[in-house]
Amino acid sequence: MALVRVRYAPSPTGSLHVGNARTALFNWLFARRHGGRFVVRFEDTDTERAGEEAARAIIVALRWLGLTWDEGPEVGGPYGPYFQSMRLDLYRRYAERLLLQERAYECYCTPEELEARRRRAQAGRRPFRYEGTCRHLTDAERAACRRQGRRPALRLMVPDTGTVEVHDRIKGTVSFDNAVLDDFVIMKSDGWPTYNFACVVDDHEMRISHVIRAEEHLSNTPKQLHVYRALEAEPPEFAHLPMVLAPDRSKLSKRHGATAVEEYRQMGILPQALLNYLLLLGWSYDGTTEIISLEEASRIFDLDRVNRTNAVFDEDKLLWMNHQYIKTARLHRLARLVVPRLAEAGVLPDMITLGEFRRLRRILALIQERMHTLNEAPALIGYFFGDDVEYDPAAVARRLAGPEVPDILERAADNLAAAGDWKPDVVEQVIRDTAASLGVKAAQVIHPVRVAVTGVMVGPGLFDVLHLVGRERTIRRLRRAAARLRAGELVATVAAGPTDGPGSP
RNA sequence: GGCCCAAUAGUCUAGAGGCCUAGGACGCCGCCCUCUCAAGGCGGUAGCACGGGUUCGAAUCCCGUUUGGGCCA
């Protein structure tokens, strides 16, 4: 195979959509797999909507995902610039050549005239197709139009018989009747190229060998093939990816919730997890293997295992995938990821000491397998920090409501204060001894102590929790909770609160 | 409306004529483990859109219908 050169060519009209991220990923992987080059360029000829800000957002998102490009914005390359709006001269040169070679012609029909014809066709239940009105204008007629102040668009001459065949790596051979095509516009009267023209000129100029893009472009491909033909250029290979859809099988849009890579970043999704999830949307390795790193994927990915059916974006599975990556993340890395979110939640200061960082790592070891997204971190580990805890009313009602609870808590506090080394197994022994001396089951001590110290009913094993919460903090919270219970504070809160549990003994 | 693509459980997928009484995963349900919640282990739920062909034999090939998606308008 000749040098593989692929491109991701987004239109900068918003943030990076997850469907587009998958397209970028497949291109990136294909380039890696075949030792090729991955090019990024912005198709910003739709001046109304395209924006610099959007381009920036897309660049940031691609960087965050780790989909680096060999040529493109910010990195440059031999075929730049990589914004179509900066390549207008090029399109004009190509267009002029086609005009000279009489493969394209000037069209002076105004939008109003075309619209009228379109309506007439619709009324007659006929598909609208530009009939080549201006194909055979004489020089004099053209001059007359220009004198009226009309500016021409440029149309490509398309044969009206025969077929064009798209040889697609994924769809197979797809053929289109030329009869359904018309002499489409390649340069608009305002001097800007149309999508199908600029795209082909760029792919040709940039020596793109494989065009891997979403299926929505399949219907554009016959037109593009006509442009290649007119340019006497060799078309690249095409591969049209199935679409990524919303749960209701419509196009994934804002009303379905998060659609942008950036939103998933904010939700606490890891880039590796998002990439892995996206990889499985339309591609599979053996039908069984699911956890595949980018590195691994870049060795085994290929187009022949891309399927042809549209896929629904399933957030539940993404969350599961994220959990897989969080579970197995190295603690050091996880800690670094989580610090900003803890700071934001006010659990930790922005800057923490090395000692605190180390303690955080040990805390994370306890909860990493129950964390599905990074932003669950504050709720999961907030109680390891600070003086006081917030009590979940339901937890208080369920575990602290009994009349014997204050005694149990104080007894536990006393015994823990007198304990030897503050280690998990020592803590465990003390708690079990406390239960024994009180003549109750261990669970009757464990549950109230957990709620008194952490404020919630759920969490890792209690002895590990107490160990890392720390002796002083543990004892302080136990005594304080006992006192507040005696004063009727905590229970009163519950009685007045909306969540009144059964209040078990 | 015209053209194009597709069709395996709620979702992602394996399957390229007999290996399929259809495999894996998410979700959901149950059990085990257990100080709780997770995690983990075990088990379960649920599918070849429909109708015709071809063939000794079809999830797999062909045609049609239906449904979904895309492009153009």
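Sequence lines set the chain letters: A, B, ... in the order given, protein chains first and strands last, and positions in each chain run from 1. These figures come from a predicted structure and were not determined experimentally. Side-chain atoms are counted along with the backbone in the values below, which use heavy atoms only and exclude waters and symmetry mates.
Taking the charged nitrogens against the carboxylate oxygens, A:Glu216 and A:Lys251 do have a contact shorter than 4.0 Å, which makes a salt bridge.
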Tabulate atom names and distances for all N/O pairs under 3.5 angstrom spanning the protein and nucleotides 40-49 of chain B.
unit_1, atom_1, unit_2, atom_2, d
B:rG40, OP1, A:Lys327, NZ, 3.0

Identify each atom pair where a protein N or O and an N or O of nucleotides 62-65 of chain B are less than 3.5 Å apart, giving names and distance.
none

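Across all strands shown, B:rG2 forms a Watson-Crick or G-U wobble pair, both distances under 3.5 Å, with B:rC71. Pairing partner, B:rG43: B:rC29, with both Watson-Crick or wobble hydrogen-bond distances short of 3.5 Å. With a 3.5 Å ceiling on both atom-pair distances, B:rA22 lacks any Watson-Crick or G-U wobble partner. Checking B:rA16 for Watson-Crick or G-U wobble geometry (two distances, each under 3.5 Å) identifies no partner in any strand. With a 3.5 Å ceiling on both atom-pair distances, the Watson-Crick or G-U wobble partner of B:rG64 is B:rC50. For B:rA59, there is no paired base (Watson-Crick or G-U wobble, both distances below 3.5 Å).
Among residues at least two apart or in separate chains, salt bridge (charged side-chain N to carboxylate O under 4.0 Å, His left out) pairs with a member in residues 430-455 of chain A are A:Glu428-A:Arg432. The ring-ring contact (aromatic ring centres under 6.0 Å, His included) pairs that include a residue from residues 430-466 of chain A number zero, where partners must be two or more places apart or lie in different chains.
In terms of the side-chain contact (heavy atoms from CB on, under 4.5 Å) criterion, residue partners of A:Pro448 (sequence neighbours excluded) are, by chain and number, A:Leu400, A:Val405, A:Leu409. Every residue meeting the side-chain contact (heavy atoms from CB on, under 4.5 Å) condition with A:Asp160, not counting sequence neighbours, appears here in chain and number order: A:Arg129. In this view, A:Val456 and A:Tyr383, A:Asp392, A:Thr454 satisfy the side-chain contact (heavy atoms from CB on, under 4.5 Å) rule, not counting sequence neighbours. Scored by the ring-ring contact (aromatic ring centres under 6.0 Å, His included) test, A:His17 finds no partners at all (sequence neighbours excluded).
Contacts of residues 361-369 of chain A with RNA chain B (heavy atom under 4.0 Å): A:Glu369.
Around atom CD of A:Glu472, no more than 12 heavy atoms belonging to other residues, nucleotides or ligands sit under 6.0 Å away.
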Pair up each side-chain donor or acceptor in residues 363-373 of chain A with any protein partner under 3.5 Å, not counting sequence neighbours, and list the distances.
unit_1, atom_1, unit_2, atom_2, d
A:Arg370, NH1, A:Gly459, O, 3.3
A:Thr373, OG1, A:Met267, O, 3.4
A:Thr373, OG1, A:Asn375, OD1, 3.2

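Residue-level contact check: A:Lys441 touches neither bases nor backbone, having no heavy atom under 4.0 Å from any strand. Within the 4.0 angstrom heavy-atom criterion, no nucleotide atom of any strand lies near A:Arg117.
Within the 4.0 Å cut-off from OP1 or OP2 of B:rC12, not a single side-chain nitrogen or oxygen of A:Arg22 is found.
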Which letter, B, S or -, goes with each nucleotide of nucleotides 29-35 of chain B from 5' to 3', with contact meaning a protein heavy atom under 4.0 Å?
-> ------B

Spell out protein contact along nucleotides 4-11 of chain B as letters: B when the base is contacted, S when just the sugar-phosphate is, - when no protein heavy atom is under 4.0 Å; keep the 5' to 3' order.
-> SBSS---S

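At least one cation-pi condition fails for A:Arg299 and A:Phe301: the charged atom is not both under 6.0 angstrom from the six-membered ring centre and inside a 45 degree cone around its axis.
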